[in-house]
Amino acid sequence: MKIMIGSVALELHQGDITRLAVDAIVNAANSRLAGGGGVDGAIHRAGGPAIMAECRAIGSCPTGGAVITTAGRLSARWVIHAVGPVYRDGKRGEPELLEGAYRASLQLAGEHGAKSIAFPSISTGVYGYPIEKAAPIALAAVERHLQEPSSLERVVFVLFSAADYSVYERLLAGIAAS
Ligand code: AR6
């Protein structure tokens, strides 16, 4: 599915984010930048050890922030390692921290002149953020970013499951109709 926000294409894909041909792939990382399972494991596996070497040199990233590295063997130019919150009850700053992770990623992409970026659904796997709550935050962060001039021409959300895809599909249909 694809809609336009001004001149920027907002697309949904279902599948593996490491296969996307975009300038910047966003990773759902942890604050130690230590690698792990889920999308983090997939990105480091596909991209090779150069990405982890850069992560080690950077050291860490606060929750709600993001850092950027090159992308090793991936076809992308950069990996943006975004650190979303662990979801507990939604009353411990989780929405603001999740929004911050998206905002910091978009800002880094813009600073590097990226024309395209692909996001996974940050925090909704191991970190337990309910996708129905997380998806509107992700989309609002993108919409807000695109209200200002940006290098981005294409923003892709890559959802691993059909159920997650349909959550995003419903929200995008709402944006397209508004
Ligand atoms: N492509 C796209 N999406 C994927 C892929 C993939 N290859 N693999 C998994 N997903 P998660 P989090 C989806 O757990 O919740 C790691 O260990 C997955 O189905 O990867 O932010 C880190 O090191 C889910 O919808 O990230 C951290 O310690 C989404 O990506 C911690 O997990 C995010 O799930 C971060 O947890």
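In this chain, residues are counted from 1 in sequence order. Counting starts at 1 for both ligands and their atoms, following the listed order.
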Ligand 1 versus A28, non-hydrogen atoms closer than 4.0 Å: side chain, backbone, both, neither?
-> both
For V39 and P120, which heavy atoms make the closest approach, and how far apart are they?
-> CG2-CB, 4.1 Å
Which residue supplies the protein heavy atom nearest to atom 7 (N) of ligand 1, what is that atom called, and how far is it?
-> D16 OD1, 2.9 Å
Please say whether F160 places an N or O atom under 3.5 Å from an N or O atom belonging to ligand 1.
-> no
In ligand 1, the atoms that come under 4.0 Å of a heavy atom of G35 are 23 (O)
Would you check whether N30 has a nitrogen or oxygen atom less than 3.5 angstrom from a nitrogen or oxygen atom of ligand 1?
-> yes
Exceeds 12 heavy-atom contacts within 6.0 angstrom, atom CZ of R154 = yes
Identify, with sequence neighbours excluded, every residue that meets side chain to side chain contact (heavy atoms under 4.5 Å, CB included) alongside A76.
-> I25, A71
Just checking, is any N or O donor in the side chain of E143 or Q147 under 3.5 Å from an acceptor N or O on the other one?
-> no
Taking all heavy atoms of A66 and all of C61, pick out the closest pair and write down the distance.
-> N-SG, 3.4 Å
The one among Y87, F157, Y127 that brings a heavy atom closest to atom 35 (C) of ligand 1 | Y127
Determine, using heavy atoms of G84 and all atoms of ligand 1, whether some pair is separated by less than 4.0 Å.
-> no
Identify which of A118, G125, A134 has a heavy atom lying nearest to atom 15 (O) of ligand 1.
-> G125
Residue, atom and distance of the protein heavy atom nearest atom 1 (N) of ligand 1 read I17 N, 2.9 Å
Give the numbers and elements of all ligand 1 atoms closer than 4.0 Å to a heavy atom of G36.
-> 17 (O), 23 (O)
Taken in chain and number order and not counting sequence neighbours, the residues that satisfy salt bridge (charged side-chain N to carboxylate O under 4.0 Å, His left out) with E99 are R103, R144
Numbering the atoms of ligand 1 from 1, which are under 4.0 Å from a heavy atom of A42?
-> 7 (N)
Determine whether Y129 and V26 fall in the same hydrophobic cluster, where Ile, Leu, Val, Met, Phe, Trp and Tyr are linked whenever their side-chain heavy atoms lie under 4.5 Å apart.
-> yes
Stepwise side-chain contact (heavy atoms from CB on, under 4.5 Å) test for T70 and V79 = CA-CA 6 Å; T70 56; V79 174; over 6 Å; no
Give me the ring orientation class for F157 and Y102: parallel if the planes are under 30° apart, tilted from 30 to 60°, perpendicular past 60°.
-> tilted
Does at least one non-hydrogen atom of S161 fall below 4.0 angstrom from an atom of ligand 1?
-> no
Main-chain N/O of K115 paired with S151 side-chain donor or acceptor, under 3.5 Å = no
E54/I51 under side-chain contact (heavy atoms from CB on, under 4.5 Å): CA gap, chis, key distance, verdict | CA-CA 5 Å; E54 284 183 60; I51 301 175; 5.9 Å; no
Give a yes/no on ligand 1: does D164 have at least one heavy atom closer than 4.0 angstrom to it?
-> yes
Atom 16 (C) of ligand 1: the protein heavy-atom neighbour that sits closest, reported with distance to 0.1 Å | G37 O, 3.6 Å
Starting from atom 21 (O) of ligand 1, which protein heavy atom do you reach first, and at what distance in Å?
-> S123 N, 2.8 Å
Could you tell me which atoms of ligand 1, counted from 1 in the order shown, lie closer than 4.0 angstrom to a heavy atom of G15?
-> 1 (N), 2 (C)
Who gets closest to atom 24 (C) of ligand 1 by heavy atom: V158, V126, T124?
-> T124
Looking at atom 29 (C) of ligand 1, what's its closest protein heavy atom, distance included?
-> S121 O, 3.3 Å
What residue and atom, counting heavy atoms only, is the protein's closest point to atom 22 (C) of ligand 1, and at what distance?
-> D40 OD2, 3.4 Å
Donor + acceptor pair across side chains of E11, H13 (<3.5 Å) = yes
For atom 30 (O) of ligand 1, which protein heavy atom lies nearest, and how many Å away is it?
-> V39 CB, 4.0 Å
